[in-house]
Amino acid sequence: MRLATWNVNSVRARSERIAAWLTRSEVDVLAIQETKCRQDQFPTEVFTELGYTVAHHGHSQWNGVAIASRVGLEEVRRDFPGQPTWKDEDQPEARAIGARCGGVDVWSLYVPNGRELDDPHYVYKLDWLAALRTAGTAWLEEDPAARIALCGDFNVAPEDTDVWDMAEFEGSTHVSPAERDAFAALVEAGFTDTVRPFAPGPGVYTYWDYKGLAFPKRKGMRIDFVLASPALAAQVADGRIDREERKGKGPSDHAPVIVDLSTSG
DNA sequence: ATGGTGGGTGGCCCA
């Protein structure tokens, strides 16, 4: 089974590229972030015409997450247990959707950006990551053999080599000790980065800003991950980042991250 | 070439 995650930066603006990419990449399950639309605006047909079932979670023009699968899509869950809210205390932002696809519990996650170290959004981001760790720990306590994939845009660069120049990030989010601790806590809870062993740095990124010719200048960040539970990590056969998809006309600012799972077990 | 990138929206917000 081939599993991927991709922050598409608007599913409507990117629908043709997404369809073309799905067709040539032969992905079975795609976790999508930043759909940037409401439920009624989601282009379901783009996916169904290619043989995928799709579940979307979007409240507004902000955030929005989805899962497309051609190996089954069951037990759809919008929001994870204990997910922090922002402003609207009755309803979390549309940053998490989970579904069972081909025996794997796939989550598509869009971690809050954080904005600045002294911004309330930064505290929200840390709370969000801590709550995800709590939820993930509970899932594994309930079933240590569960095959769980935490896929998405984590908005954290866990290592110094995950940004092009640490000096440029002094005083910035994404690289602070607290953010890296929160990411490391997910790993300690049992969710390992499946792609890094196959695509080690330095200079290996998943995101390049649109501004200032960042992509041709190779000024990127590794902030998108597929984190796998122990049982799922044992099945990972390959992992890669499709940086070719960042090229050409009208790309997302993120590249897809792909994991191949062995069919045995 | 007094801007700078590109989504969303609607006369600015977000990444």
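Salt bridge absent: A:Lys217 and A:Asp209 never bring a charged side-chain N and a carboxylate O closer than 4.0 Å. For A:Arg95 and A:Asp153, the salt-bridge test fails: no basic side-chain N is under 4.0 Å from an acidic carboxylate O.
Within residues 156-168 of chain A, no residue places a heavy atom under 4.0 Å from DNA chain B.
Heavy atoms of A:Phe215 sit nowhere under 4.0 angstrom from any nucleic acid atom.
Spacing of P atoms, B:dC13 relative to B:dT2, comes out at 25 Å, to the nearest Å. Of the P atoms belonging to B:dC14 and B:dT9, the separation is 14 Å, rounded to the nearest Å. The gap from the C1' atom of B:dT5 to that of B:dA1 amounts to 16 Å, rounded to the nearest Å.
Take A:Arg180 and apply the side chain to side chain donor-acceptor pair (under 3.5 Å) test, not counting sequence neighbours, and it matches A:Asp160. Take A:Asp88 and apply the side chain to side chain donor-acceptor pair (under 3.5 Å) test, not counting sequence neighbours, and it matches no residue.
Other members of the cluster containing A:Tyr207 are A:Val163, A:Trp164, A:Met166, A:Phe169, A:Val175, A:Tyr205, A:Trp208, A:Phe215, A:Met221, A:Ile223, with ILVMFWY side chains joined at under 4.5 Å, either directly or via other members.
Checked by atom type, the side-chain pair A:Asn155/A:Lys125 shows no donor-acceptor distance below 3.5 Å.
In plain terms, the two heavy atoms of A:Ile258 and A:Val195 that are nearest each other are O-CG2, 4.0 Å.
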Each nucleotide of nucleotides 2-10 of chain B classed B (base within 4.0 Å of a protein heavy atom), S (only sugar-phosphate) or -, in 5' to 3' order, makes ---BSBSS-

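Rounded to whole Å, the distance from CD1 on A:Ile223 to P on B:dA15 is 12 Å.
Pairs of residues two or more places apart, or lying in two chains, that qualify as ring pair (Phe, Tyr, Trp, His ring centres under 6.0 Å) and include a residue from residues 63-85 of chain A are A:Phe80-A:Trp128.
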